[in-house]
Amino acid sequence: MNKRVITLTTDFGQRDPFVGIMKGVILRINPQALIVDLCHEIEPGNIVRACYCLDSALPFFPKNSIHVVVVDPGVGSNRKKIIVKTGETYLVAPDNGVLTMAMKNMGFDFAVEAMNADYFIRPVSSTFHGRDVFAPVAAHLSLGKYPASFGKNLDRPVLLDLPEPEFLENGETQGTMVFRDRFGNMATDLRPAPGENALDYRLKTVNKKHIPLVTHYAAAKEGELSGLVNSSGYIELFVKNGSGADAFNLKEGDFVFLKKKTGAAGKRP
Amino acid sequence: MNKRVITLTTDFGQRDPFVGIMKGVILRINPQALIVDLCHEIEPGNIVRACYCLDSALPFFPKNSIHVVVVDPGVGSNRKKIIVKTGETYLVAPDNGVLTMAMKNMGFDFAVEAMNADYFIRPVSSTFHGRDVFAPVAAHLSLGKYPASFGKNLDRPVLLDLPEPEFLENGETQGTMVFRDRFGNMATDLRPAPGENALDYRLKTVNKKHIPLVTHYAAAKEGELSGLVNSSGYIELFVKNGSGADAFNLKEGDFVFLKKKTGAAGKRP
Amino acid sequence: MNKRVITLTTDFGQRDPFVGIMKGVILRINPQALIVDLCHEIEPGNIVRACYCLDSALPFFPKNSIHVVVVDPGVGSNRKKIIVKTGETYLVAPDNGVLTMAMKNMGFDFAVEAMNADYFIRPVSSTFHGRDVFAPVAAHLSLGKYPASFGKNLDRPVLLDLPEPEFLENGETQGTMVFRDRFGNMATDLRPAPGENALDYRLKTVNKKHIPLVTHYAAAKEGELSGLVNSSGYIELFVKNGSGADAFNLKEGDFVFLKKKTGAAGKRP
């Protein structure tokens, strides 16, 4: 019953004891919690990256998991702390937009502003709400406490204004490079239409007119900037056995353009 | 009963299998142990940093936790291996001073020199006592073995000579920068007197005469070296949305000076 | 019963959510699995390093553990996915040789090609078999599913052609530097004969004629390239309180030479 998964996503890194301390706080409240690290090496304060990290992971966790995100440059200010319920899943985070993608893709039943200090470590410090607020709130949620115990409903959590694909007059869809991974692969926010074959598209960037689309990494030519559909269903740029981002100077925020090949077959079942 | 928390603090890093191997050893002896990573990216041999890492984490763990520290440049030499009992908590480490702060702040009931090879992985290697000594000793402790099973009492564990705040003739208290975190924030060993308000103090470094004290990170001016009371109750130097240590060339070991403002109110209840 | 250890060794690093996602997949299938991280900072695609990492860890885990390795530059191609049984231990990995050392040292009962998509996350992506194939297969194995449920026997898993010590005409044994650790220590594939004392040998590299062998790190002279028998029983080169690999420009693949001292005693009991 209390063996719920609690995931942690922070910009605390792993050279300091901060993540471990959050785990101590959780295990003091619920010794049966199953704590899973999602990402801790997020660049300090990079809310957008945390947003994409969480979103790509959510579909693969047990439905009744609790996901905590602490990328929180406003810690100690009057920014709110929120609990979001989406199905059986809870999200716990500062109300700074870090849950934008998760709420968009998982749905949003309701949000509560966490205000009840009975569930905080007191005195609450002004610099480490991961320890004093978010970890204990998640732990109490994992024990079955109702969201209403923590505070009042909040109608409109903060949402980030993230890039969205745009349909251009020339028939291309303009997307954005949104997530660079360890390998130097660069995910975009473009995806083929459901049932469509990625190989029927033409892909380009601002600097490169023809980027071949392939079925898997090893199918590309060495050294050539290539594209494929990644494990989240999005178009991703890469270089086989190398770093596409480094070799071709790709940056998060750069544009990418996708167009259906003329003469390509339509939707396939 | 056997579901005790065992934390691990090492300088083993995370590119090698050493930490994972310690976990294997623990789980072979006590499959119910709840292992938590505290810090593994401690600079090789930096006993002082490990000392502060552990100290900041201890208050937030369950009382019956077992904390293992392996920063151990003397591995294989005749330096001792110790178990320290402080309340219901056990500390397990080489006897090189790495437990100094923990014993000072948590108390010290007694120490035992771990000598009984029945509780070691044998043959004991000369290079990896984390695997052969400290992990199995912690695992056996987590099963309820008495400290006396491991060896005889040790009266005086090694203590580090750590910097202490000093009261200067001009009314200032001289402290030391002791812990740089991932964000480039720099914690000192100075704290306001209990019940005092940090904002009633003046803060300076050797190079900088006036460092404004604020209530939380976001309350500082961009780019300005500022101070606040951090989550452990100590004065910490920082730059909002930046690295104070990098921008102002702060180093662990540098001095910092704190003085009560003239005309500031006295103790507040 | 289902509380089996599952270890993860990947080149996914820790800045991305990939490892966390694998854990989500495992815990959805077996909430009782005890997941342990072995190494995730393996250089992208470095199958050989993963091979040595796993091998050094295996003897220290519970016998019925399941070890998953995902260093997989051929992901999405027609390279096979295998389950290897060795005693009560299962190894799960792409069939690219990454299990070579483990099979050599732990033994090899049989291998199965994992083909039954009932045990995969579907649709199987072409870029993330850690999530879609290896994690769920390991989780189902941890629940007691028989290897035969996953596919047919595979007679000859791919083996890497790893360096082997060579006996030279001059009486020396030529070995290879095979594993550099975080500290800059460099393990070789040479070991003293069973029962022999390492101090009775002479050690040299291509550039350095006399490398003193000592019993433990602290016994060496500061700044001097030295050797000892490491925790896996192999000769390792190091510099006391420094990085031997950096100071003496040692690289994995470099040769090292070991010879019995003339006049040294024979085997000791």
Side-chain angles (χ1 to χ4, degrees), chain A residues 3-9 11 13-14 19 32 34-43 46 49-50 52-65 67 179-185 187 198 214-220 228-234 236 238-243, chain C residues 2-3 6 8 10-37 40-47 70-79 94 96 120-133 135-136 139 182:
Chain A
K3 290 187 69 103
R4 281 167 83 161
V5 170
I6 299 178
T7 77
L8 304 179
T9 301
D11 59 358
Q14 287 171 301
V19 172
Q32 307 215 61
L34 294 171
I35 305 172
V36 174
D37 295 306
L38 211 46
C39 307
H40 296 299
E41 296 296 341
I42 287 170
E43 185 197 4
N46 193 337
R49 188 170 176 88
Y52 286 110
C53 257
L54 180 67
D55 180 52
S56 68
L58 285 180
F60 299 96
F61 277 86
K63 290 208 187 314
N64 68 347
S65 298
H67 302 279
F179 196 89
R180 179 194 164 133
D181 73 18
R182 185 211 191 184
F183 301 92
N185 303 326
V214 297
T215 52
H216 59 280
Y217 294 130
L228 50 53
V229 176
N230 72 12
S231 63
S232 299
Y234 290 95
E236 178 179 300
F238 73 99
V239 165
K240 177 179 175 178
N241 296 332
S243 165
Chain C
N2 299 336
K3 289 186 70 105
I6 298 178
L8 304 180
T10 74
D11 60 357
F12 293 163
Q14 286 171 302
R15 57 190 295 275
D16 300 321
F18 307 137
V19 172
I21 290 171
M22 286 180 66
K23 294 178 183 175
V25 168
I26 290 169
L27 292 171
R28 267 204 315 192
I29 296 167
N30 180 4
Q32 308 215 60
L34 294 171
I35 306 171
V36 175
D37 295 306
H40 296 300
E41 297 295 342
I42 288 170
E43 184 196 3
N46 193 335
I47 294 169
V70 193
V71 178
D72 189 15
V75 58
S77 72
N78 60 358
R79 66 92 188 83
N96 61 15
F120 301 164
I121 303 270
R122 285 175 292 178
V124 173
S125 71
S126 70
T127 62
F128 193 3
H129 287 190
R131 179 191 75 189
D132 300 334
V133 174
R182 185 210 192 188

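Lettering follows sequence order; numbering is per chain, from 1.
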Item to check | Engaged part of C/Val19 at the chain A interface, taking heavy atoms whose separation is under 4.5 Å | outcome: neither

Checklist entry - Any idea which heavy atoms bring C/Gly24 and A/Pro62 closest together, and the distance? => result O-CD, 3.9 Å

Item to check | Beyond-backbone contact of A/Arg182 with C/Asp11, side-chain heavy atoms, under 4.5 angstrom | outcome: yes

Checklist entry - Would you find a donor on one side and an acceptor on the other, under 3.5 Å apart, between the side chain of C/Arg15 and the backbone of A/Cys39? => result no

Next on the checklist: Apply side chain to side chain contact (heavy atoms under 4.5 Å, CB included) to residues A/Phe238 and C/Thr127 and explain how you reach the verdict.
Outcome noted: CA-CA 11 Å; A/Phe238 73 99; C/Thr127 62; over 6 Å; no

Item to check | Contacting moiety of C/Phe12, where chain A heavy atoms sit under 4.5 Å | outcome: both

Item to check | Sidechain N-carboxylate O distance under 4.0 Å for A/Arg49, C/Asp16 | outcome: yes

Checklist outcome for this item: Turns out that what part of C/Ile29 lies under 4.5 Å from chain A's heavy atoms comes down to neither

Checklist outcome for this item: Here the gap from A/Asp37 atom CG to C/Asp37 atom CG, rounded to the nearest 0.5 Å, amounts to 7.5 Å

Checklist outcome for this item: Residue from A/Asp181, A/Leu54, A/Asn185, A/Ile42 scoring the most non-hydrogen pairs under 4.5 Å with chain C is A/Asp181

Item to check | Side chain C/Arg131, main chain A/Phe60, donor-acceptor under 3.5 Å | outcome: no

Item to check | Non-neighbouring partners of A/Asn230 that pass side-chain hydrogen bond (donor to acceptor under 3.5 Å, both in side chains), sequence neighbours left out | outcome: A/Glu236

Item to check | Heavy-atom pair with the smallest gap, counting every atom of A/Phe61 and C/Gly20 | outcome: CZ-O, 3.1 Å

Item to check | Side chain / backbone / both / neither for C/His40 at chain A, heavy atoms under 4.5 Å | outcome: backbone

Checklist outcome for this item: Separation between CD1 (C/Ile21) and OG (A/Ser56), nearest 0.5 Å, reads 4.0 Å

Item to check | Heavy-atom closest contact (C/Ser126 atom, A/Val229 atom, distance) | outcome: OG-O, 4.0 Å

Checklist outcome for this item: Answer key: most heavy-atom pairs under 4.5 Å with chain C among A/Ser243, A/Gly233, A/Ala57, A/Ala218 is A/Ala57

